[in-house]
Enquirer: 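This is the structure, below, for whatever I ask next.
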Amino acid sequence: MTATARASTAIDTVLLDIEGTTIPVSFVHETLFPYARAAMPALLAQRAGDPAVRAAVADIAELAPGVTPLAQLNEWMDQDAKIGPLKALQGLAWAEGYRSGALQAPLFADVLPALRRWRAAGLRLAVYSSGSEAAQRLIYGHTTEGDAAGLFDGFYDLRIGGKRAADSYRAILAETGWTPGRTLFLSDIVAELDAAAQAGLHTCQLVRAEDGTIAGTTHPAAATLDDVSRLFALPAV
């Protein structure tokens, strides 16, 4: 595959990354992550009996024996690790932030109009992110432009597997019955696009000027979802 435009009239499903694709990277790293880090001590202390918290703490004990949960979580947060129990607990912290109104996700300006057009035209839309499924629903359910979660048919997280592994995309296809040659994956990360392409999906890199994304050379690239529409013959303005 080359980075040239590769229009297709066969796309019926669009699978989207979140960070750097539909929302700015800065929101995740400058707003969401610090919020979760600040909330984590109280979350662990005050909700210790919550089944979801207990399960995450048990997972931490298995992954890092002898390390206190908070210390291990802080280490993982320092590393921006894609670890299940961390993502689960971050999701719980963010849920409270969204409920209180302290958090709202800022979509790129082109995102909501394009998603609405695609959905109205009958395309399936879904999300695949390293953030938990619950966190994904919170992001799209609490955007600065309102609740957009209903536009999506599915949300997929690390239970599927890592986003840089081709088998993860095969697992999504197996679970949904989607046809790989009719499914388009959008992400700003070349390694994720490489994995999706290995599983037979169409791919396109989002190169957001706001994020300073650097375009790769092995996948079609687009600055906005409107550009994606033009590249792949999807419904456009």
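Numbering of residues begins at 1 and proceeds along the displayed sequence.
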Enquirer: Determine which pairs satisfy salt bridge (charged side-chain N to carboxylate O under 4.0 Å, His left out) with at least one residue from residues 219-229, sequence neighbours left out, and list them in order.
Expert: Arg117-Asp226, Asp227-Arg230
Enquirer: Mind checking side-chain hydrogen bond (donor to acceptor under 3.5 Å, both in side chains) for Asp147 and listing every partner two or more places apart, or none if nothing turns up?
Expert: none
Enquirer: Residues sharing Val53's hydrophobic cluster, by side-chain heavy-atom contacts under 4.5 Å among ILVMFWY, directly or via others?
Expert: Met40, Leu43, Leu44, Val57, Ile60, Leu63, Leu70, Leu73, Trp76, Met77, Ile83, Leu86, Leu89, Leu92
Enquirer: With a cutoff of under 4.5 Å between side-chain heavy atoms, which Ile, Leu, Val, Met, Phe, Trp and Tyr residues group with Val207?
Expert: none
Enquirer: Are Thr218 and Asp194 close enough that some pair of their side-chain heavy atoms sits under 4.5 Å apart?
Expert: yes
Enquirer: Within a strict 4.5 Å, meaning less than it, do heavy atoms of the Thr176 and Arg124 side chains meet?
Expert: no
Enquirer: Can you list every pair that meets salt bridge (charged side-chain N to carboxylate O under 4.0 Å, His left out) and has a residue in residues 195-216, with sequence neighbours left out?
Expert: Asp110-Arg208
Enquirer: Indicate, with yes or no, if Ile18 and Val25 share a hydrophobic cluster defined by side-chain heavy-atom contacts under 4.5 Å among Ile, Leu, Val, Met, Phe, Trp and Tyr.
Expert: no
Enquirer: Not counting sequence neighbours, which residues clear side-chain hydrogen bond (donor to acceptor under 3.5 Å, both in side chains) with Arg119? List them please.
Expert: Asp153
Enquirer: Scan residues 89-105 for pairs that pass salt bridge (charged side-chain N to carboxylate O under 4.0 Å, His left out), counting only residues two or more places apart or in two chains.
Expert: Glu96-Arg99
Enquirer: So which pairs with a foot in residues 27-46 pass ring pair (Phe, Tyr, Trp, His ring centres under 6.0 Å), sequence neighbours left out?
Expert: His29-Phe33
Enquirer: Does Glu133 have any side-chain hydrogen bond (donor to acceptor under 3.5 Å, both in side chains) partners at least two apart in sequence or in another chain, and if so, which?
Expert: Arg137
Enquirer: If you take all heavy atoms of Leu15 and Leu201, which pair is closest and at what distance?
Expert: CD2-CD2, 4.4 Å
Enquirer: Determine whether more than 12 heavy atoms belonging to other residues, nucleotides or ligands lie under 6.0 Å from atom CD of Glu62.
Expert: no
Enquirer: Identify, with sequence neighbours excluded, every residue that meets side-chain hydrogen bond (donor to acceptor under 3.5 Å, both in side chains) alongside Thr183.
Expert: none
Enquirer: Considering only residues two or more places apart or on different chains, which pairs with a residue in residues 64-82 satisfy salt bridge (charged side-chain N to carboxylate O under 4.0 Å, His left out)?
Expert: Arg37-Asp78, Asp80-Lys82
Enquirer: Does anything in residues 118-150 pair up under ring pair (Phe, Tyr, Trp, His ring centres under 6.0 Å), and if so which pairs, sequence neighbours excluded?
Expert: Tyr98-His142, Tyr128-Tyr169, Tyr140-Phe152
